*Asks:* 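Can you read through this structure? Questions will come right after.
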Amino acid sequence: MPGPTLDARLLSKEVTEMAWRIKANYYEGCNCALGCPCNMNGFPSHGYCEGVVGFKIKEGDREGTDLAGAKVASAVKWPGAIHEGNGTMVLFIDATEAQREALIPILTAEDPGLPWEILAATVSEVHGPFFETIDIDEKAIDSQLRVGDKLSMNMESFRDPVSGEKHVPHMILKDGFIFQDGAIGTTSVLTLNADGVTFDHAGNNAYYSEVEWSSDNRMAPVITQQT
């Protein structure tokens, strides 16, 4: 079932910023080549970016509301590079009513803090949030995430072509605003078909990470030099 429109919340003048923190298991799959160049030069492999971002909160709160156990899955289609904006997002939340009310301001950056302070700014159209069951089979880079028949992501680790043993490279991003250490894998399934928004991108990049986000981690201010 759909929740209150995000546009209405963002346009509301009665917004009070709240402190928040989240420690979560993070799952990502996209249409980019393995390793995803978006994390290096900022531009996707095929000129556009489409993918799934999901997380399950292990610990967290927003002004006294316990967020542990809440799950979020989002799928976004950007027509170009992420930083160029104009993304279309489908958003699912699996949480109690109190957790929903706490999470929506975080995900829309009404309550600023990375990574959502940056990601929300790149999205111009939002479908949802839809309050539905999110199933996550938690196996690190071999995890699976599913929202009914609307969204599916099966992540897989690499296998050594000679020995057949599991091989898990890592992407280290010292200043990464989503994660700093991400296990790299691939996907056998990566599909979206929800509210008229669709894609199918199996066999491309995937990341798994354990992340810590908070309202204390803010986007650096832009300093304009006067001439």
Side-chain angles (χ1 to χ4, degrees), residues 1-6 9 15-29 51-76 89-120 123 126-156 176-183 185 187 189-192 194-195 206-217:
M1 59 178 288
T5 64
L6 298 189
R9 297 183 66 98
V15 174
T16 302
E17 294 180 10
M18 298 287 188
W20 60 272
R21 64 177 185 88
I22 286 174
K23 184 176 182 180
N25 293 335
Y26 173 84
Y27 312 90
E28 176 186 324
V52 169
V53 166
F55 61 92
K56 180 178 179 180
I57 300 175
K58 298 186 291 184
E59 301 175 18
D61 69 87
R62 175 183 179 267
E63 291 295 316
T65 299
D66 185 1
L67 299 177
K71 290 175 280 188
V72 172
S74 64
V76 189
M89 174 188 284
V90 181
L91 177 62
F92 302 96
I93 299 175
D94 184 353
T96 67
E97 184 174 354
Q99 289 174 328
R100 297 171 189 170
E101 289 300 310
L103 281 168
I104 290 173
I106 295 171
L107 299 172
T108 59
E110 289 178 18
D111 291 344
L114 299 179
W116 300 100
E117 184 175 0
I118 289 178
L119 295 175
V123 172
V126 179
H127 297 248
F130 300 104
F131 301 140
E132 302 196 24
T133 299
I134 300 172
D135 294 311
I136 304 177
D137 184 10
E138 298 186 271
K139 295 180 180 178
I141 195 61
D142 292 294
S143 297
Q144 298 183 6
L145 184 152
R146 184 163 286 102
V147 183
D149 60 357
K150 298 175 182 178
L151 184 156
S152 294
M153 178 169 65
N154 292 358
M155 304 164 65
E156 292 185 353
F177 69 91
I178 298 178
F179 64 84
Q180 288 77 49
D181 183 351
T187 56
V189 176
L190 185 66
T191 61
L192 171 71
D195 207 33
Y207 284 123
Y208 168 78
S209 186
E210 296 180 5
V211 298
E212 293 189 37
W213 304 324
S214 80
S215 54
D216 292 332
N217 189 14

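Note that the structure is a prediction, hence the values are computed from the model and not measured. One is the number of the first residue; the rest follow in order along the sequence.
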*Asks:* Report yes if some heavy atom in the side chain of I57 is under 4.5 Å from a heavy atom in the side chain of V72; otherwise report no.
*Replies:*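 They are not in side-chain contact.
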
*Asks:* Would E210 and K23 satisfy salt bridge (charged side-chain N to carboxylate O under 4.0 Å, His left out), going step by step from the backbone distance to the final call?
*Replies:* CA-CA 7 Å; E210 296 180 5; K23 184 176 182 180; over 6 Å; no

*Asks:* Please examine the side chains of V53 and V76, heavy atoms only from C-beta on, and report whether any two atoms are closer than 4.5 Å.
*Replies:*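 No; the side chains remain at least 4.5 Å from each other.
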
*Asks:* Can you tell me how far the CD atom of E59 sits from the CG atom of D66, to the nearest 0.5 Å?
*Replies:*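 Separation between the atoms: 9.5 Å.
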
*Asks:* With heavy-atom distances below 4.5 Å as the criterion, would you say the side chains of R146 and N154 are in contact?
*Replies:*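 In short, these two side chains touch, coming nearer than 4.5 Å.
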
*Asks:* What is the minimum heavy-atom distance between V147 and F92, and which atoms define it?
*Replies:*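 Minimum heavy-atom separation between V147 and F92: CG1-CD2, 3.7 Å.
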
*Asks:* Measure the OG-CD1 distance between S209 and I178 for me, rounded to the nearest 0.5 Å.
*Replies:*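 Rounded to the nearest 0.5 Å, the OG-CD1 separation comes to 10.0 Å.
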
*Asks:* How many angstroms lie between OG in S215 and CE in M18, if you round to the nearest 0.5 Å?
*Replies:*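 So the gap between those two atoms works out to 11.0 Å.
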
*Asks:* Apply the test side chain to side chain donor-acceptor pair (under 3.5 Å) to residues D142 and Y208: give CA-CA distance (whole Å), side-chain angles for both, the deciding distance (0.1 Å), then the verdict.
*Replies:* CA-CA 9 Å; D142 292 294; Y208 168 78; over 6 Å; no

*Asks:* Quick check: closest heavy atoms across P112 and E110, and the distance to 0.1 Å?
*Replies:*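 Shortest heavy-atom separation between P112 and E110 comes out as CD-O, 3.3 Å.
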
*Asks:* Any idea how F179 and Y26 line up, ring-wise: parallel (<30°), tilted (30 to 60°), or perpendicular (>60°)?
*Replies:*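 Ring orientation of F179 relative to Y26: tilted.
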
*Asks:* Please test E212 against N217 for side-chain contact (heavy atoms from CB on, under 4.5 Å), starting from the C-alpha separation and ending with a verdict.
*Replies:* CA-CA 10 Å; E212 293 189 37; N217 189 14; over 6 Å; no

*Asks:* Can you find a pair of side-chain heavy atoms, one from D94 and one from D135, that are under 4.5 Å apart?
*Replies:*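 With C-beta onward as the side chain, the pair stays apart.
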
*Asks:* Is a donor on one side and an acceptor on the other found under 3.5 Å between the side chain of Q99 and the backbone of A95?
*Replies:*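 It does not hold such a pair.
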
*Asks:* For residues P115 and F177, report the shortest heavy-atom separation together with the two atoms involved.
*Replies:*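 Between these two residues, the closest heavy atoms are CB-O, 3.4 Å.
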
*Asks:* What heavy-atom pair brings K56 and K71 nearest, and what distance separates the two atoms?
*Replies:*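 Closest heavy-atom pair between K56 and K71: CG-CG, 3.7 Å.
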
*Asks:* The test is side-chain contact (heavy atoms from CB on, under 4.5 Å); show your working for F130 and V90 and say whether it passes.
*Replies:* CA-CA 8 Å; F130 300 104; V90 181; 4.0 Å; yes

*Asks:* Any side-chain heavy atom of W20 sitting closer than 4.5 Å to one from D61?
*Replies:*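 They are not in contact (no side-chain heavy atoms under 4.5 Å apart), so the answer is no.
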
*Asks:* Looking at every non-hydrogen atom in both residues, tell me the closest pair between A73 and L145 and how far apart they are.
*Replies:*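 Closest pair (atom of A73, atom of L145, distance): CB-CD2, 4.0 Å.
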
*Asks:* Is there a side-chain contact between Q144 and I136 (heavy atoms, below 4.5 Å)?
*Replies:*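 Sidechains of I136 and Q144: no contact.
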
*Asks:* Under 4.5 Å between any side-chain heavy atoms of V189 and S152, yes or no?
*Replies:*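 Yes, close enough: below the 4.5 Å cut-off.
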
*Asks:* Is a side-chain donor or acceptor of E63 paired with a backbone partner of A19 at a separation under 3.5 angstrom?
*Replies:*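 Yes, because the side chain of E63 sits within donor-acceptor range (under 3.5 Å) of the backbone of A19.
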
*Asks:* Distance check, rounded to the nearest 0.5 Å: S74 atom OG versus M89 atom CE?
*Replies:*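 It comes to 4.5 Å.
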
*Asks:* With the side chain counted from C-beta on, respond yes when I106 and W213 share a heavy-atom pair under 4.5 Å apart, and no when they do not.
*Replies:*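 No, every pair of side-chain atoms sits at 4.5 Å or beyond.
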
*Asks:* Give, for atom NZ of K150 and atom OG1 of T191, the distance between the pair rounded to the nearest 0.5 Å.
*Replies:*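 So the gap between those two atoms works out to 13.0 Å.
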
*Asks:* What is the distance from atom CG of L91 to atom CG of L103, rounded to the nearest 0.5 Å?
*Replies:*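 L91 atom CG to L103 atom CG measures 9.5 Å (nearest 0.5 Å).
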
*Asks:* Please check if the side chain of T187 supplies one atom and the backbone of L190 the other of a donor-acceptor pair under 3.5 Å.
*Replies:*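 Pair absent, no side-chain N/O of T187 close to backbone of L190.
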
*Asks:* Please lay out, stage by stage, how Y27 and E138 fare under the test side chain to side chain donor-acceptor pair (under 3.5 Å).
*Replies:* CA-CA 10 Å; Y27 312 90; E138 298 186 271; 3.1 Å; yes

